[in-house]
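When reading the values below, keep in mind they use all heavy atoms of this one structure, side chains included, and skip hydrogens, waters and symmetry mates. Only a predicted model underlies this, so the values are computations on that prediction, with no experimental measurement involved. Numbered from 1 within each chain, the chains take letters A, B, ... in sequence-line order.
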Amino acid sequence: MKILVCISKAPDTTSKIAFSEENTKFDENGVQFIVNPYDEWYALVRALEIKEAGGGQVTIITVGGASDDAIIRKALAIGADDAVRLDSEAKDAYYTAMQISSYAKENNYDLILTGKETINYNGSQVAGMIAAELDVPFVSLASKLDVNGSTLTVEREIVGGLQVVELNAPAVISCAKGMAEQRIPNMRGIMAARTKPLNVVAAQEIENLTEFVSYALPNAKSAVKMIDPENMDELVELLHKEAKVI
Amino acid sequence: MILVYINSSNGISKSSYESISYGKKLGDVIALTNGGASSDDLASLGQYGASKVLVDRKINGDDQQQLTKLIASAVENNSVKTIVFSHDLVGKSVAPMLSVRLKAGLVSGAISLPDAEGCVDVNVFSGKALGKVKVNSEIKIISLLPNSIQPEENGSACPVEEITADTGSPSIKVLSTKKPEGEIPLPEAELVVSAGRGLKGPENWAMVEDLAVSLGAATACSRPVADIGWRPHHEHVGQTGVAIRPNLYIAIGISGAIQHLAGVNGSKVIVVINTDPEAPFFKAADYGIIGDAFEVVPRLNEAVNKFKAS
Ligand SMILES: Cc1cc2nc3c(=O)[nH]c(=O)nc-3n(C[C@H](O)[C@H](O)[C@H](O)COP(=O)(O)OP(=O)(O)OC[C@H]3O[C@@H](n4cnc5c(N)ncnc54)[C@H](O)[C@@H]3O)c2cc1C
C-alpha cells in the first residue's frame, strides 16, 4: 500500500506562547518545534505498522520552508521511507490542503493519513479539504484502522459514541488517540534518516481563503480564593451566589 | 441568508440551539438537518430563531461526502452567504469538505460573533491564546465551539419542510455503532468533574462519579489516567485530548501541567482540590482547596446534596 502521511510543525507543548509584530505573528524566539503529536504518534506510526504488516511505502509530506527539515528528518528517523516538502509558507488550511492535493493527484496514493488536528491552530481542516479536493471518502477522528487488500475498516468517534465503518481505498483518514503507540527513534533510524530522500518541490500558485489578522493572550486570572477544606458548604455557596455556576 | 447545519442524530442538543442563536445574530436563519429526528423536535429550532427547518430524511449522515453534497445543494438553492456548524464531529469533518466544494473560507472553533471588520475570534494554541480570523471569500463557514454563546429563546415553533437532495450513494458502510446511554458528551457539558493521578487507582473513582451525579456534571480525567487505562480515552482532556470550556471545572488530584491547562483554561470557573499547596493548578484556579481528595470530595458531595435539597 502506498501511504502518504501529512505532517506539520508545531511548537513543543511546554512552549511559552507569545506574539510579535504587534501581535500579528507567533513569536518563534526560543521555541522548540516538534512534529505535531497527532501526526507523529498516530498517523505516522500506524502507517508504518501497515507497511510492516503488508508491504508498501510510507511517504511524509509537509508544506513549509527549509526550517521544517529538522522535523522532517525526525519523522524519517521514526521510519518513513522518503519525504516531500512543498516549498512555501503554509498560509492557511485551504492553501495547505490544495498544495498537498495537487501533489497527491500526480502521485496516486492508496491512503492519506493526517493527525486529527494540529496543536497550534486546532482547525481539523486539512484532511477533509484534501478528501474533498481528491473526491475520495473521508473518515475523521479514527481510533483504529485495519487494512485488508483495498478494504479499510475504521473505528471512528461520532457524536456521543464510536462507530466501525468499512470503505475502499483510496481514502483520507484523520487519526486520533488509540491508533498506535508513540515510537522513539533509535540511533539506526536517526543515522538512516540523514540519507533518505527529501524532495523539495516548488509550491503551486494558490490563494488563501482565510487569514489570522491578530492574536491575543487570554486575560490573566484574578487571584485564587482559598477555602477551608473542612467547609465545603462555603464552596457550594460561593459557586451558587458568587460564581453563579450551580 | 444564513444556513445552520444541525446534527440531530441524538435529538436536538443544546449546541444546536447555540448555533441557531448565533446564526440569528447574523441574519435570517434556515436550519438544515437529515435523518429521523421527530418533526416536533425540529420545529423547536424556531423558538431560537430559525424561520424554517429543511430535513432530508433519506440520508443518515454517516457518509461525509453525502452530507457535503446535501449542504452544498441547500446553499445553492437558498442563496446562502454564511453557513454555521457546531464545532463537533460534523463541524470538524464536513465543514472542511464544504469549504473546498464552495471555495468558502472556514473559521473553525469560533468563540465570538464577527466584529465590525468581519473578524471572528477562535481558540488557538490549544486554548493558550486567541486569534482573530478574517475570511476573504464571499461565502463564509463558521464552526462554533460549544458553550461559547448562550442560546436565546425569542420565537415560536417553525415549519419543517422535507427535502431530497441528489447526494449519490454512500461510499462508507457502517458495520456497528456504539452509543453509551445517558452520558453527557464532554464538550457540551456545562459542569465537569475531573480527576488525575492523585486518586491513586481506578477503584477510587466512585466518589468522583457520585459528585458528578449530584451536580449533573460530566466526568473527565488527566492524560496519564487515560493512558494507564484507569479511565476511558474519551475522558482525557488537555492539549492532546479534548479541549473543553464548561461553566465549572473541578480538578481533583491533578497537578495542572501546562498541557492539561491548555485544554481546560477556557472554563469559566475552576475549582482545584490538591494536597500540595505548590501544585501549579492553583495559579489557574478561582477557588482552591488544599486537602486530601479522599476527605474533601465526599464532604463536597454532601454539601452539594444539601444545597440541592434546600
Ligand atoms: C506532548 C505532551 C502532551 C500532553 N498532553 C496532555 C493532555 O492533553 N492532558 C493532560 O492531562 N496531560 C498531558 N500531558 C501530561 C502532562 O504533562 C502531565 O504529566 C499530566 O497532566 C499529569 O497528570 P496528573 O496531574 O493527573 O498527575 P500528576 O502530575 O502526577 O499529579 C497528581 C497530583 O495529585 C495530587 N495528589 C496526590 N494525592 C492526592 C490526594 N490524596 N488528594 C488530592 N490531591 C492529591 C498531587 O499533589 C499532584 O499535584 C502531556 C505531556 C506531553 C509531554
Side-chain angles (χ1 to χ4, degrees), chain A residues 13-14 17 37-38 93-94 97 119-129 131-133 137-141 143 153 157-168 177-178 208-218 221 224-227 229 232-233 235-236 238-240 243 245-246, chain B residues 7 9-10 64-65 88-89 92-93 96-97 99-101 105-109 119 123-126 128-137 171-180 185 215 233 239-240 247-248 258-259 268-269 282 284-291 296 299-300 303-304 307:
Chain A
T13 54
T14 55
I17 304 299
Y38 296 109
Y94 178 82
I119 61 168
N120 37 355
Y121 290 101
N122 310 100
S124 303
Q125 298 188 14
V126 170
M129 288 177 170
E133 180 63 15
F138 173 43
V139 181
S140 63
L141 299 177
S143 45
T153 310
E157 220 181 286
I158 53 166
V159 177
L162 284 176
Q163 194 171 58
V164 181
V165 300
E166 194 179 88
L167 65 158
N168 283 318
K177 193 161 182 169
N208 49 313
L209 299 178
T210 60
E211 60 191 298
F212 277 89
V213 293
S214 69
Y215 298 93
L217 295 172
K221 278 255 173 195
V224 51
K225 196 176 255 182
M226 298 311 289
I227 311 229
M232 286 301 102
D233 291 329
L235 176 65
V236 169
L238 285 168
L239 292 176
H240 177 58
V245 289
I246 61 172
Chain B
N7 181 334
S9 61
N10 288 346
Q64 269 76 1
Q65 283 179 303
D88 58 15
L89 300 154
K92 289 177 183 177
S93 59
M97 299 181 82
S99 166
V100 168
R101 200 177 162 107
L106 165 61
V107 182
S108 51
C119 296
N123 260 344
V124 286
F125 295 96
S126 307
K128 291 177 193 168
L130 304 174
K132 258 190 202 316
V133 183
K134 187 166 152 242
V135 178
N136 299 324
S137 54
S171 52
I172 290 179
K173 192 167 111 199
V174 175
L175 302 182
S176 68
T177 300
K178 202 165 57 187
K179 282 191 187 174
L215 283 165
H233 282 318
Q239 186 157 18
T240 51
N247 291 338
L248 174 64
I258 186 165
Q259 299 94 350
K268 289 193 185 74
V269 174
F282 284 118
D286 298 279
Y287 301 104
I289 297 116
I290 300 167
V296 174
R299 208 175 284 143
L300 175 56
V304 168
F307 164 75

Quick one: do B/Y287 and A/V224 satisfy side chain to side chain contact (heavy atoms under 4.5 Å, CB included)? Show the steps, please.
-> CA-CA 5 Å; B/Y287 301 104; A/V224 51; 5.6 Å; no
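- For chain B, the nearby parts of A/I158 are the backbone and the side chain; heavy atoms of each come within less than 4.5 Å.
- Ranked by heavy-atom pairs under 4.5 Å with chain A, the list B/V135, B/N247, B/I172 is led by B/I172.
- Heavy-atom distances place the side chain of A/T153, and not its backbone, under 4.5 Å from chain B.
- Note: A/E157 CD to B/L89 CG = 5.5 Å, rounded to the nearest 0.5 Å.
- The minimum heavy-atom distance between A/A131 and B/M97, with the atom names listed, is CB-CE, 4.2 Å.
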Please test B/S99 against A/Q125 for side chain to side chain contact (heavy atoms under 4.5 Å, CB included), starting from the C-alpha separation and ending with a verdict.
-> CA-CA 9 Å; B/S99 166; A/Q125 298 188 14; 5.8 Å; no
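- Most heavy-atom pairs under 4.5 Å with chain A: of the set B/N123, B/V296, B/L215, B/V124, this distinction falls to B/V124.
- When heavy atoms are compared at a cutoff of 4.5 Å, A/L235 approaches chain B solely by way of its side chain, counted from C-beta outward.
- Within the 4.5 angstrom heavy-atom criterion, only side-chain atoms of B/N10, from C-beta onward, approach chain A.
- The OH atom of A/Y121 lies 4.5 Å from the CZ atom of B/F125; values are rounded to the nearest 0.5 Å.
- Scanning both residues, B/C119 and A/V213, for their nearest heavy atoms gives SG-CG2, 3.8 Å.
- Note that CG of A/L141 and OG of B/S93 are 7.5 Å apart. Values are rounded to the nearest 0.5 Å.
- Of the two parts of A/V236, only the side chain, counted from C-beta on, holds a non-hydrogen atom closer than 4.5 Å to a non-hydrogen atom of chain B.
- Per-residue heavy-atom pair counts under 4.5 Å with chain A were compared for B/L248, B/I258, B/D286, and the maximum is reached by B/D286.
- Annotation: the span from A/E166 atom CD to B/S171 atom OG amounts to 12.0 Å, rounded to 0.5 Å.
- In terms of heavy-atom proximity, B/I289 sits nearest to A/M226 at N-CE, 4.2 Å.
- With a 4.5 Å cut-off on non-hydrogen atoms, B/K134 touches chain A through its backbone and its side chain both.
- Counted by atom type alone, B/Q239 and A/T13 present zero donor-acceptor pairs between their side chains at under 3.5 Å.
- Checking side-chain atoms of B/R299 against main-chain N and O of A/P229 turns up a donor-acceptor pair under 3.5 Å.
- Looking at A/I17, only its side chain comes within 4.5 Å of chain B, counting heavy atoms on both sides.
- Proximity of B/V174 to A/Q163: side-chain heavy atoms (C-beta onward) are separated by under 4.5 Å at one or more points.
- Comparing A/V165, A/V164, A/V139 by how many heavy-atom pairs each has under 4.5 Å with chain B, the most go to A/V164.
- Within the 3.5 Å criterion, the main-chain N or O of B/T240 finds a donor-acceptor partner in the side chain of A/Y38.
- Residue A/F212 holds its CZ atom at 10.5 Å from CG of B/L130, rounded to the nearest 0.5 Å.
- For the residue pair B/V100 and A/A132, the shortest heavy atom distance occurs at CB-CB, 3.8 Å.
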May I have the step-by-step check of side chain to side chain contact (heavy atoms under 4.5 Å, CB included) for A/E211 and B/N136, ending in yes or no?
-> CA-CA 8 Å; A/E211 60 191 298; B/N136 299 324; 3.2 Å; yes
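- When each of A/N120, A/L167, A/N208, A/T14 is checked for heavy-atom pairs under 4.5 Å with chain B, A/N120 comes out on top.
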Evaluation steps, side chain to side chain contact (heavy atoms under 4.5 Å, CB included), between A/L239 and B/V269 | CA-CA 9 Å; A/L239 292 176; B/V269 174; 4.1 Å; yes
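- Of the listed residues (B/I290, B/N7, B/L106, B/D88), the greatest number of heavy-atom pairs within a distance under 4.5 Å of chain A belongs to B/L106.
- Interface remark: of the candidates B/A284, B/G109, B/S176, B/S137, B/S176 forms the most heavy-atom pairs closer than 4.5 Å to chain A.
- Chain A forms more heavy-atom pairs under 4.5 Å with one residue of B/K92, B/Q65, B/Q259, B/Q64 than with any other, namely B/Q65.
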